[in-house]
S.K.: 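Below is the structure I would like to discuss, written out as structure tokens.
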Amino acid sequence: MSDRKLLVTGASGKLGSQVVKHLLETLQVAPSALIVTTRRADSLKALAEQGVEVREADFADPVSLDKAFAGVRNMLLISMDATGPRTEAHLNAVAAAEKAGVEHIVYTSMSAADRSPVVFAHEHDATEKAIKQSAIANATILRNGWYFENVIEYFASILQSGHWLTSAAEGRVAQLSRQDLALAAASALVKPAQGKVTLSMSGAESMTHAQMAQQMDAVLGTHINMVHLSDDEYRAQLAGFALPAPIVELCVTMDQHNREQCADGTSEAFEALTGQQPQRFADWLEAHKTELQELANS
Ligand SMILES: NC(=O)c1ccc[n+]([C@@H]2O[C@H](COP(=O)([O-])OP(=O)(O)OC[C@H]3O[C@@H](n4cnc5c(N)ncnc54)[C@H](OP(=O)(O)O)[C@@H]3O)[C@@H](O)[C@H]2O)c1
């Protein structure tokens, strides 16, 4: 076996830090076999102290990537958070991985990246295509479902107002926890390569927004009122809250995505990859009950 290493980009992020934890603790990867990247090395000091090699890499700076990806065999490319400059930045990362002789690239994409109406889907689609067209021999494209955590990080207003405004109608969403998606990404990085594959990482249950609200009420004691709207009505309501136009379009296109069953799916691929069942929504709600109830009352 070659002594070339595993590499995780975005290791300082919420997903990346959980991936690294799974690699070191769940999958027993030796710290010396792992490289992590960030734009600010001091953000990963704790990992450096454990013996993990920390390198600086900015997808917007191809020169930094040549150095950062040298000596890497398997690489996890975590999609960056800033939409807009993402396509060019991700393509820089794929080109640098190819140049460095990476043998297996894992990429965190999104559900239905090739047909989703979500405003940023084209960035994932372009990255998937660049990976497929690259000379990198093996690729695992993980089409990640929505995180349960989005309830806390982006849609807390549902809990706070008690009203769920939506144009997703009866669209089903097979969401899952960030923790489970981190395990999936870590597993994909260490598993033997198998050519170029695209895997849908979906949760164990595919639910409409109304069914999710019922589970939230049952666990949290909330009384969420579903407000079903057309896309135009939803857009007008959100604009009325003085949200910036790009956020309004993001929300409306996410609900289109859900309505068009782009977020629907089953968990077989997740189970085959990780050997585990994904956490169910009710169990995730129970595990985060105090935080969610505090949010609802804030
Ligand atoms: N499925 C979902 O529901 C969902 C929800 C939210 C986000 N996401 C996607 O999943 C990704 C990971 O999620 P997360 O929650 O871990 O996000 P996060 O905590 O915001 O982490 C984003 C990571 O992107 C890295 N990054 C940003 N700009 C970069 C650049 N120019 N070059 C290299 N790295 C850069 C950051 O690294 P440094 O700052 O250390 O350089 C950071 O570690 C997000 O970036 C987004 O694409 C999915």
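As the structure lists them, so they are numbered: ligands from 1, and atoms in each ligand from 1.
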S.K.: A quick test of your reading: do over 12 heavy atoms of other residues, nucleotides or ligands sit less than 6.0 Å from NZ of K67?
M.R.: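 Open.
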S.K.: Report the part of R86 (side chain from C-beta onward, or backbone N, CA, C, O) that has a heavy atom under 4.0 Å from ligand 1; answer both or neither where that applies.
M.R.: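 Under 4.0 Å from ligand 1, R86 contributes side-chain atoms alone.
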S.K.: Could you see which bit of R178 sits under 4.0 Å from ligand 1, with heavy atoms only: side chain, backbone, both or neither?
M.R.: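 The answer is the side chain.
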S.K.: Grab the two heavy atoms, one from T108 and one from I78, that are nearest each other, plus how far apart they are.
M.R.: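 Heavy atoms of T108 and I78 come nearest at OG1-CA, 3.5 Å.
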S.K.: Measuring to protein heavy atoms, does anything land under 4.0 Å from atom 17 (O) of ligand 1?
M.R.: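 No.
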S.K.: Using heavy atoms and a threshold below 4.0 Å, how should the contact between T37 and ligand 1 be classified: side chain, backbone, both, or neither?
M.R.: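 Contact part for T37 vs ligand 1: neither.
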S.K.: If you measure from each non-hydrogen atom of A82 to ligand 1, which part falls under 4.0 Å: side chain, backbone, both or neither?
M.R.: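 Answer for A82: neither.
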S.K.: Counting non-hydrogen protein atoms only, what is the nearest one to atom 1 (N) of ligand 1? Give residue, atom name and distance.
M.R.: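 The closest one turns out to be G145 O, 3.1 Å.
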S.K.: Between H288 and F148, is the gap from one ring center to the other below 6.0 Å?
M.R.: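 No - the distance between ring centres of H288 and F148 does not fall below the 6.0 Å cut-off.
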S.K.: Less than 6.0 Å separating the ring centroids of W146 and H257?
M.R.: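 Judged by ring-centre distance (under 6.0 Å), W146 and H257 do meet the cut-off.
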S.K.: Go through ligand 1 atom by atom and flag the ones less than 4.0 Å from a non-hydrogen atom of S12.
M.R.: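 So the answer, numbered in order with elements, is 37 (O), 38 (P), 39 (O), 40 (O), 42 (C), 43 (O).
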S.K.: What is the nearest protein non-hydrogen atom to atom 23 (C) of ligand 1, stated with its residue, atom name and distance?
M.R.: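 I find the closest protein heavy atom is G10 CA, 4.2 Å.
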S.K.: Which residue from F120, Y147, Y154, F148 reaches closest to atom 13 (O) of ligand 1 through any of its heavy atoms?
M.R.: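 Ranked by closest heavy atom to atom 13 (O) of ligand 1, first place is Y147.
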S.K.: Does only the side chain of N150 get under 4.0 Å from ligand 1, or the backbone, or both, or neither? Count heavy atoms.
M.R.: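 Just the side chain.
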S.K.: Do me a favour and list the nearest non-hydrogen protein atom to atom 39 (O) of ligand 1 with residue, atom name and distance?
M.R.: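 The protein heavy atom lying closest is R39 NH2, 2.9 Å.
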